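Notes follow once the structure below has been shown.
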Protein chains: 2
Amino acid sequence: MNSKPSKSYHHGNLRKALLEAAELELIEKGVEKFSLRGVAKRAGVSHAAPAPHFGDVTGLLSALASVSFKRFAQAMQSSSDAVEDNHPEKSKAKLVAIGMGYIKYASEHSDMFDLQFSSERIDPSKAFLEKLSSNSYDVLEAHVQAVLQLDDRKLEDEPDAAPMMWATTHGLASLFARRKRNGGPQGQELQDAFERILWRTANAI
Amino acid sequence: MNSKPSKSYHHGNLRKALLEAAELELIEKGVEKFSLRGVAKRAGVSHAAPAPHFGDVTGLLSALASVSFKRFAQAMQSSSDAVEDNHPEKSKAKLVAIGMGYIKYASEHSDMFDLQFSSERIDPSKAFLEKLSSNSYDVLEAHVQAVLQLDDRKLEDEPDAAPMMWATTHGLASLFARRKRNGGPQGQELQDAFERILWRTANAI
DNA sequence: CAAATATCTTTACACTGTCAAGTTAAATCT
DNA sequence: AGATTTAACTTGACAGTGTAAAGATATTTG
């Protein structure tokens with residue numbers, strides 16, 4: 001009757017609880033001061049309880065990074081979907097929206113974003129992370145392809161287009177995330193500037 | 001007579017020795033597993049010896065990051081200087097060279113690069129780091145200015161130009177540094193692609 | 001209902017950064 | 001120059017970390 005694959009147990013569903021506790025720990029302490037024992041304490045279990053579920057701290061953080069990757073791809077996708085169908089430059093607008101979703105996620109969830117892209121405490125070579133990472137890239141690449149098709153070009157003809165768009169977007173996102181971490185300015189003007197830059201880049205591919 | 005501000009002492013010049021040991025430690029262990037006691041051991045001193053010179057581990061790593069920032073700006077500058085004076089598109093070629101120097105540094109010294117830009121173990125709000133960081137940016141901005149002047153434009157007229165160039169460059173550099181960390185491909189073709197992308201971006205500002 | 005298995009706790013260990021109190025050498029001051 | 005202050009370094013201690021091993025407990029399996 002209980003159709004969901006419940007790991008029911010002493011605790012009920014510790015794996016999920018640990019992931020939620022880990023996210024809180026990450027937000028409050030940052031990647032560097034993130035502590036496995038702190039997570040266990042938040043979840044109300046002993047410090048060695050996470051081991052059966054995640055192995056070591058890298059395993060837990062990698063699992064958390066995969067949660068983040070899914071939300072990240074989702075954020076890009078829904079940002080793209082929010083572009084109206086009758087937009088005069090629909091394809092490019094969608095590509096820019098992808099970029100803005102990318103940047104918005106980096107700024108609103110800078111800790112999760114940093115965990116994904118620049119933490120040594122995860123293992124990016126884990127298969128599920130490589131898969132999710134390339135999935136995220138594919139979202140952007142698909143939109144680049146749509147833009148190229150406006151001029152009857154293909155991805156194979158323009159192998160630099162998607163990396164260029166990605167690099168600019170990622171650079172802006174890193175810049176924004178760092179700004180936020182260091183308490184720098186992050187107002188609407190900055191967002192507008194980023195959008196203009198993305199437009200320029202979309203027009204240059 | 002001894003004109004240099006020698007901190008001569010028991011050890012001779014422990015501050016310098018610690019910085020060199022710290023760089024080795026960083027390269028071998030990575031930012032995350034970098035250990036203050038490991039550095040002290042390398043330098044042949046007790047584990048608390050670094051304290052008088054650097055305070056805590058953040059102080060030592062911040063000092064190391066400032067060493068890296070200086071080399072980084074130097075690498076960009078000399079990469080720009082290597083462009084011949086009679087180059088047909090000298091200004092743009094220099095700007096691209098700046099970017100390639102940026103990327104080359106990130107790829108050849110990925111640990112130091114990551115330390116500068118994405119480690120929580122340094123304190124980027126330290127005055128000397130903010131200074132060096134903005135100095136590095138100024139090198140790039142100055143070259144953007146030179147490119148804009150080709151069309152009688154000014155930095156104030158094009159406030160997005162320098163951030164755009166920086167974002168693309170930084171995005172490519174992060175991508176490259178990560179590739180290297182994860183053992184991905186990093187051949188000449190990739191370098192060529194990056195250079196083409198930088199040219200496109202330089203032409204789009 | 002017994003046996004096996006997976007989850008969780010407890011205990012232990014090596015390691016970390018940092019603080020406080022000594023020790024030693026260099027610099028400063030009459 | 002000799003005493004005193006100051007700075008560099010050592011030693012010892014402490015709380016905290018991750019992880020491995022062994023024991024307890026409940027769930028699943030046979």
Side-chain angles (χ1 to χ4, degrees), chain A residues 1-22 24-26 28-65 115 119-123 126, chain B residues 1-22 24-26 28-65 115 119-123 126:
Chain A
M1 179 179 306
N2 197 350
S3 64
K4 61 182 170 186
S6 165
K7 294 258 176 182
S8 185
Y9 182 61
H10 293 162
H11 178 276
N13 195 341
L14 183 56
R15 190 189 152 89
K16 191 179 209 171
L18 283 171
L19 280 173
E20 289 168 0
L24 284 179
E25 174 87 1
L26 183 70
E28 285 186 19
K29 303 283 187 64
V31 192
E32 203 69 34
K33 294 187 176 172
F34 178 96
S35 150
L36 192 56
R37 291 171 104 110
V39 173
K41 189 169 289 180
R42 277 176 206 271
V45 292
S46 81
H47 64 264
H53 295 279
F54 300 102
D56 55 10
V57 64
T58 298
L60 173 55
L61 282 173
S62 298
L64 188 59
L115 180 67
S119 172
E120 293 182 3
R121 301 190 83 178
I122 68 171
D123 178 7
K126 281 185 196 289
Chain B
M1 180 181 303
N2 196 351
S3 63
K4 60 183 171 187
S6 165
K7 294 255 175 181
S8 184
Y9 182 61
H10 293 162
H11 178 278
N13 195 342
L14 183 56
R15 191 189 151 87
K16 190 180 209 169
L18 284 172
L19 281 174
E20 289 168 359
L24 283 179
E25 175 86 1
L26 183 70
E28 285 186 19
K29 303 283 187 66
V31 191
E32 202 69 34
K33 296 187 175 172
F34 178 96
S35 150
L36 192 55
R37 290 172 106 110
V39 173
K41 190 169 288 180
R42 276 174 207 271
V45 292
S46 81
H47 63 265
H53 294 280
F54 300 102
D56 53 11
V57 64
T58 297
L60 173 55
L61 281 173
S62 298
L64 188 59
L115 181 68
S119 172
E120 292 183 1
R121 301 191 82 176
I122 69 170
D123 178 8
K126 280 187 196 289

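On a predicted model such as this, the values are computed, not experimentally measured, just so you know. Residue numbers start from 1 in every chain, and the chains themselves are labelled A, B, ... in the order their sequence lines are given, proteins ahead of strands.
- Going from atom CG of Leu61(A) over to atom CG of Leu36(A) covers 8.5 Å, rounded to the nearest 0.5 Å.
- A distance of 4.0 Å separates CG in Leu14(B) from NE2 in His53(B), rounded to the nearest 0.5 Å.
- A side-chain donor-acceptor contact under 3.5 Å links Glu25(B) to the backbone of Ser35(B).
- For Leu18(A) and dT9(C), the CG to P distance is 10 Å, given to the nearest whole Å.
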So if I define the base as every atom that isn't primed, P, OP1 or OP2, how would nucleotides 10-18 of chain C read as a B/S/- string at a heavy-atom cutoff under 4.0 Å? BBB---SBB

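- Under the 3.5 Å distance criterion, the side-chain polar atoms of Arg121(A) are matched with a main-chain donor or acceptor of Val31(A).
- At whole-Å resolution of the value, CZ in Phe54(A) and P in dG18(D) are 15 Å apart.
- Residues meeting the side-chain contact (heavy atoms from CB on, under 4.5 Å) test with Ala22(A), sequence neighbours left out: Phe34(A), Val39(A), Leu60(A), Leu64(A).
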